[in-house]
Amino acid sequence: MTNAPDSAPASDFIRDRIRADLQSGKVQAVQTRFPPEPNGYLHIGHAKAITLSFSVAKEFGGRCNLRMDDTNPAKEDQEYVEAIKDDVRWLGFEWDALLYAADYFDQIYAWAELLVEKGLAYVDDQNAEQIAATRGTVTTPGTNSPFRNRTPAENLLLLRAMKAGSYGDGEKVLRAKIDMAHANLNLRDPVMYRIRHMHHQRTGDKWCIYPMYDWAHGQCDSIEGITHSLCTLEFEHHRPLYDWFCDSLGIYKPQQIEFARLNVEYLLTSKRRLLQLVEGSHVKGWDDPRMPTLRGLRRRGFPPEALVAFCKHVGVAKFNSTHEYGLLEFYVRDHLNKHAQRRMAVLDPLKLVIENWPAGHTELVEAQNNPEDPAAGTRLVPFSGELWIERDDFLENPPKDFFRLAPGREVRLRSGFFVTCTGVDKDAAGNITAVRCTYDPATKGGNAPDGRKVKATMHWVSCAHALDAEVRLYDHLFTVTDPASIDADNFLTVLNPNSLRIVRGKLEPSLKDAKGGERFQFERLAYFYCDHQDSQPGVPVFHRTVTLKDGYKAQKGAATKDQPKGGGKK
RNA sequence: UACCCCGUGGUGUAAUCGGUAGCACAGCAGGUUUUGGUCCUGUUGGUUCCUGGUUCGAGUCCAGGCGGGGUAACCA
């Protein structure tokens, strides 16, 4: 699946259990599933769940289904079904079967009648408020519904009438008859069916009663023969109910195992909050490159392989943890370093004039496409007497640890020539308008025949040949590492006003042919993604995926870490 | 103030049947380098939440604390 380091699955409590189940013979073949509700887009948290369920199945020679948990037509939409399928495939996983909870509605209903007949479920006439009010609290028991003792025969009639559409929305519900005083609130006669006269994207108008999550999920798992039903920690309290339904029905009971959901610094995975960002236009949609959605990460340029490697690395445990954002970046850089071709681009241009360059002359220099992958070949880049260099690659009065261009200093222009700074031009206000230098014709390609060394190599783009292009520089959407901890009222105050900065860059001409979906490293700056939405033929738009590590800045402290000011450097 | 779950270096995560803490990232130092990237080498960090107990031996088992998270939708 991935070539990233330590992609081998670590031993964890879930795999340990599966191994034991296989060994004891309790389980013959592993069957897992990823059960999203098609009511929104998948995000990085889902990537962990997807990676887990699909990987586990694969590792143990089992199967993994993609099942749409479409039990609530009020919130779901076919558009999301397609998006989910697309995102799962993008991550690199292929399901053994594509299934829908709605396809089991007949079976689930039949089981409901069975429970009614067994006296384990009843129709309640109370409304939602009354049911909530009589549920009790975590410290006080609930009270029985006045309709709790209806006979099985009466309940059966009522349930059938519910199904037949004899009642309006909310008029009646079917409830499991368990224990209104149970310490686990989920077992205080949970609602199984509610009435919703609604069109379902899959079953049309066949049903007007729809099963609740608890009264569908375990049943679906059972029907599919799921051996290990993996889900996140918040469903832990639901497991007793999951078990109760299967046991009461006398059907095959899969084992639900819960693990901690993924948390990453600066990222939010709450659907509600994400929706707030989109609806408030704080981002440009669900696929905004600052969003932690899979679609957003895709547009940001994150390779799916990097995401999967990250998800495998973080492991699975029950401890509620938060991963450093830097770990995610590590996997992105690790993959991109090996696969992204190099190009040169100047994002904060400063003119460099080569005084001894033959007027009007252009020379082509050969540049490596990827030093990490010789097979990527080389390309020709035009070099001339006026070049763009990065503004912060020149300093008139450099500190001792600054290796780049400065008056009197010689540096290498990558794949080009050695140049020596002879002076600067300034405007009336004293701002530097251009840097002047001379070049050494003998150093073409970047090496001096006499063996002399330079301490710095800089990127450049020929002014006459430069491609002007829009480059979008992204940074964290939030200024705090844990935006989820900020309450709803102040949530927007921690939005990073500099999370998106758009600049016009001077790019080497070959980038004119960049296609949407391609990834590059703009040397010495960062990795960039050619946007598949906004790029036009010949007019590419680039998104900064992640910066390169910067050893120089690191030495100077992290003061500018979250507030990039230079062209593309942090 | 009920019930459930969890607690290992800065962040995560490992440690066969209880045998004396490993790995990754980050950090630091050095080397290599036509990217201050990559790569290579070395290295700093842990009384395994606390207190007792069982044991020849406890991160692993037991008890009691402390701390964190979760749960009261006709959502999933």
Side-chain angles (χ1 to χ4, degrees), chain A residues 5-6 10-12 35-37 39-40 69-72 74-76 124 126-129 131-132 135-142 169-175 182-186 188 190-196 209-210 212-214 216-217 231-240 258 260 265 271 313-331 333-334 337-338 342 344 367-368 371-372 401-404 412-416 418 443 445-447 453-459 521-527 547-555 569:
Chain A
D6 84 324
S11 147
D12 57 62
E37 180 188 17
N39 72 338
D69 212 349
D70 53 354
T71 59
N72 186 356
K75 299 188 170 183
E76 296 145 12
D124 195 342
Q126 296 184 108
N127 60 35
E129 296 68 47
I131 288 176
R135 184 158 24 233
T137 69
V138 290
T139 50
T140 58
D169 289 1
E171 259 187 70
K172 286 180 164 49
V173 292
L174 180 71
R175 289 229 255 172
H182 200 104
N184 182 340
L185 291 279
N186 289 125
R188 318 245 265 223
V191 172
M192 294 166 64
Y193 272 113
R194 75 287 218 182
I195 299 172
R196 288 268 185 286
I209 57 172
Y210 292 96
M212 298 288 289
Y213 167 83
D214 288 305
H217 202 89
C231 64
T232 45
L233 251 29
E234 61 268 30
F235 292 103
E236 222 158 12
H237 318 65
H238 293 251
R239 180 157 28 98
E258 312 85 9
E265 288 178 348
K271 268 182 190 171
H313 174 88
V314 300
V316 10
K318 301 196 76 163
F319 178 62
N320 220 305
S321 58
T322 299
H323 289 81
E324 290 177 335
Y325 191 80
L327 187 66
L328 217 203
E329 291 187 316
F330 167 79
Y331 282 99
R333 291 191 185 109
D334 186 62
N337 176 51
K338 293 169 191 136
R342 316 286 122 125
M344 289 196 284
Q368 263 192 296
E372 301 300 311
D401 65 348
F402 184 83
F403 304 151
R404 284 108 93 156
R412 172 190 295 114
L413 290 180
R414 170 136 242 221
S415 307
F418 279 15
T443 58
N447 278 311
K453 304 289 183 191
V454 288
K455 294 195 77 173
T457 298
M458 292 165 31
H459 59 279
Q521 178 194 109
F522 288 178
E523 292 202 83
R524 302 208 306 132
L525 297 178
Y527 290 100
T547 61
L548 251 34
K549 288 211 305 192
D550 189 337
Y552 179 59
K553 282 288 177 4
Q555 285 168 25
K569 290 279 190 182

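Each chain gets a letter, A, B and so on, in the order its sequence line appears, and its residues count up from 1.
For the OP1/OP2 pair of B:rU71 and a distance below 4.0 Å, the side-chain nitrogens and oxygens of A:R135 include no atom meeting the criterion. A close approach under 4.0 Å does not occur between any side-chain nitrogen or oxygen of A:R412 and OP1 or OP2 of B:rU35. Phosphate proximity of B:rG36 to A:T457: absent, as no side-chain N or O sits under 4.0 Å from OP1 or OP2. An OP1 or OP2 oxygen of B:rA76 is reached within less than 4.0 angstrom by a side-chain nitrogen or oxygen of A:R194. The shortest distance between the side-chain N/O atoms of A:T71 and the OP1/OP2 oxygens of B:rA76 is below 4.0 Å. Contact between the side-chain N/O atoms of A:R239 and the OP1/OP2 oxygens of B:rC4 is not found at any separation under 4.0 Å. OP1 and OP2 of B:rG36 both lie 4.0 Å or more from every side-chain N or O belonging to A:K549. Between A:S321 and B:rU13 there is a side-chain N or O to OP1 or OP2 distance below 4.0 Å.
For B:rG36, its base sits under 3.5 Å from the side chain of A:R404 at one donor and acceptor pair at least. For B:rG12, the base has no donor-acceptor partner in the side chain of A:H323 [N/O atoms by modelled type, under 3.5 angstrom]. For A:Q521 against B:rU35, a side-chain N or O and a base N or O form a donor-acceptor pair under 3.5 Å.
Taking syn as a glycosidic angle within 90° of 0, B:rG45 qualifies as syn.
Note on A:H182: nothing from the nucleic acid sits closer than 4.0 angstrom, heavy atoms only. Among the protein residues, A:F319 comes within range of the sugar-phosphate backbone only, with heavy atoms under 4.0 Å from sugar or phosphate atoms but none that close to a base. A:E523 comes within contact range of at least one nucleobase, with a heavy-atom separation under 4.0 Å. Among the atoms of the strands shown, base atoms are found under 4.0 Å from some heavy atom of A:F402. Among the heavy atoms of the strands, none lies under 4.0 Å from A:P240. At a threshold of 4.0 angstrom between heavy atoms, the contacts of A:M458 with the nucleic acid are absent. The residue A:T137 sits close to a base: some heavy atom pair falls under 4.0 Å. Nucleic acid contact class of A:V314 (heavy atoms, under 4.0 Å, all strands): sugar-phosphate only. Looking at heavy-atom distances under 4.0 Å, A:E324 makes contact with a base. Within the nucleic acid shown, A:L413 has no heavy atom closer than 4.0 Å to any nucleic acid atom. Using a 4.0 Å heavy-atom cutoff across all strands shown, A:T140 reaches no nucleic acid atom at all. Across all strands shown, A:L327 has heavy atoms under 4.0 Å from sugar-phosphate atoms exclusively, and none from any base. At the heavy-atom level, A:Y193 lies nowhere under 4.0 Å from the strands shown. Within the nucleic acid shown, A:N39 has no heavy atom closer than 4.0 Å to any nucleic acid atom.
Contact detail for A:E265 and A:T322: the closest heavy-atom pair is N-CG2, 3.7 Å. Summarising the geometry of A:H217 relative to A:D69, their closest heavy-atom pair is ND1-OD2, 3.0 Å, with the distance given to 0.1 Å. The minimum heavy-atom distance linking A:Y527 with A:L548 is given by the pair CE1-CD1, 3.4 Å. Listed here is the closest heavy atom pair of A:F418 and A:G446: CE1-O, 3.3 Å. Shown here for A:R524 and A:Q521, the closest heavy-atom pair between the two residues is N-OE1, 4.1 Å.
Of all nucleotides listed (B:rG12, B:rU35, B:rA76), B:rG12 comes nearest to the side chain of A:T322. In this structure, the nucleotide among B:rC74, B:rA76, B:rU71 sitting nearest to the side chain of A:Y213 is B:rA76. The side chain of A:P371 lies closest to B:rG37 when the candidates are B:rG36, B:rA72, B:rG37. Checking B:rA24, B:rA76, B:rA2 against the side-chain heavy atoms of A:Y331 singles out B:rA24 as nearest. Listed nucleotides: B:rC4, B:rC75, B:rC74. Nearest to the side chain of A:H237: B:rC4. For A:N127, taking side-chain heavy atoms from C-beta onward, the closest of the listed nucleotides B:rC4, B:rC74, B:rA2 is B:rC74.
Each of A:S415 and A:A317 lies near RNA chain B, and the nucleotide nearest A:A317 is the one positioned closer to the 5' end. Between A:N184 and A:P35, the residue whose closest nucleotide on RNA chain B is further toward the 5' end is A:N184.
Nucleotides B:rC40 and B:rG59 have their C1' atoms positioned 34 Å apart, rounded to a whole Å. A gap of 27 Å separates the C1' atoms of B:rC5 and B:rU47, to the nearest Å. Between the P atoms of B:rG7 and B:rU33, the separation comes to 47 Å (whole Å). Here the separation of B:rU41 from B:rU16, taken at their C1' atoms, is 32 Å to the nearest Å. Spacing between B:rG22 and B:rG46 at atom P, rounded to whole Å, works out to 12 Å. Nucleotides B:rU13 and B:rU35 have their C1' atoms positioned 33 Å apart, rounded to a whole Å. Annotation: B:rA15 and B:rC23 have their P atoms spaced 15 Å apart (nearest Å). Using atom C1' as the reference point in both B:rA21 and B:rG45, the two lie 14 Å apart (nearest Å).
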Between the protein and nucleotides 39-44 of chain B, are there any N/O to N/O pairs under 3.5 Å, and if so, what are the atom names and distances?
none

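Between A:H237 and A:N186, the side chains place no donor N or O within less than 3.5 Å of an acceptor N or O (distance only, hydrogens not considered).
Separating the NZ atom in A:K338 from the CD atom in A:E372 is a distance of 8.5 Å, to the nearest 0.5 Å. With values rounded to the nearest 0.5 angstrom, A:T137 atom OG1 is found 7.5 Å from A:L185 atom CG. Distance CE/A:M212 to CG/A:L174: 11.5 Å, rounded to 0.5 Å.
The NE2 atom of A:H313 sits 9 Å away from the P atom of B:rA24 (whole-angstrom rounding). Counting to the nearest Å, the P atom of B:rU13 and the CG atom of A:L328 are 15 Å from each other. If you measure from atom CG of A:D550 to atom P of B:rG37, you get 8 Å, rounded to the nearest angstrom. Distance CG (A:N320) to P (B:rC6): 12 Å, rounded to an integer number of Å.
Side chain of A:R188 to backbone of A:H182: a donor-acceptor contact under 3.5 angstrom is found. Side-chain atoms of A:R333 never come within 3.5 Å of backbone atoms of A:A526 as a donor-acceptor pair (strictly under, hydrogens ignored).
Using a 30° and 60° split on the angle between ring planes, A:Y331 and A:H313 fall in the tilted class, from 30° to 60°.
Taking a centre distance below 5.5 Å and an interplanar angle below 30 degrees as the stacking criterion, A:Y552 stacks against the six-membered base ring of B:rG36.
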Using salt bridge (charged side-chain N to carboxylate O under 4.0 Å, His left out), reason through A:E37 and A:K75 one step at a time and then give a plain yes or no. CA-CA 9 Å; A:E37 180 188 17; A:K75 299 188 170 183; over 6 Å; no

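Paired regions of RNA chain B, where each region holds three or more successive Watson-Crick or G-U pairs whose two hydrogen-bonding distances fall under 3.5 Å, are B:2-7 with B:66-71, B:10-13 with B:22-25, B:27-31 with B:39-43, B:49-53 with B:61-65.
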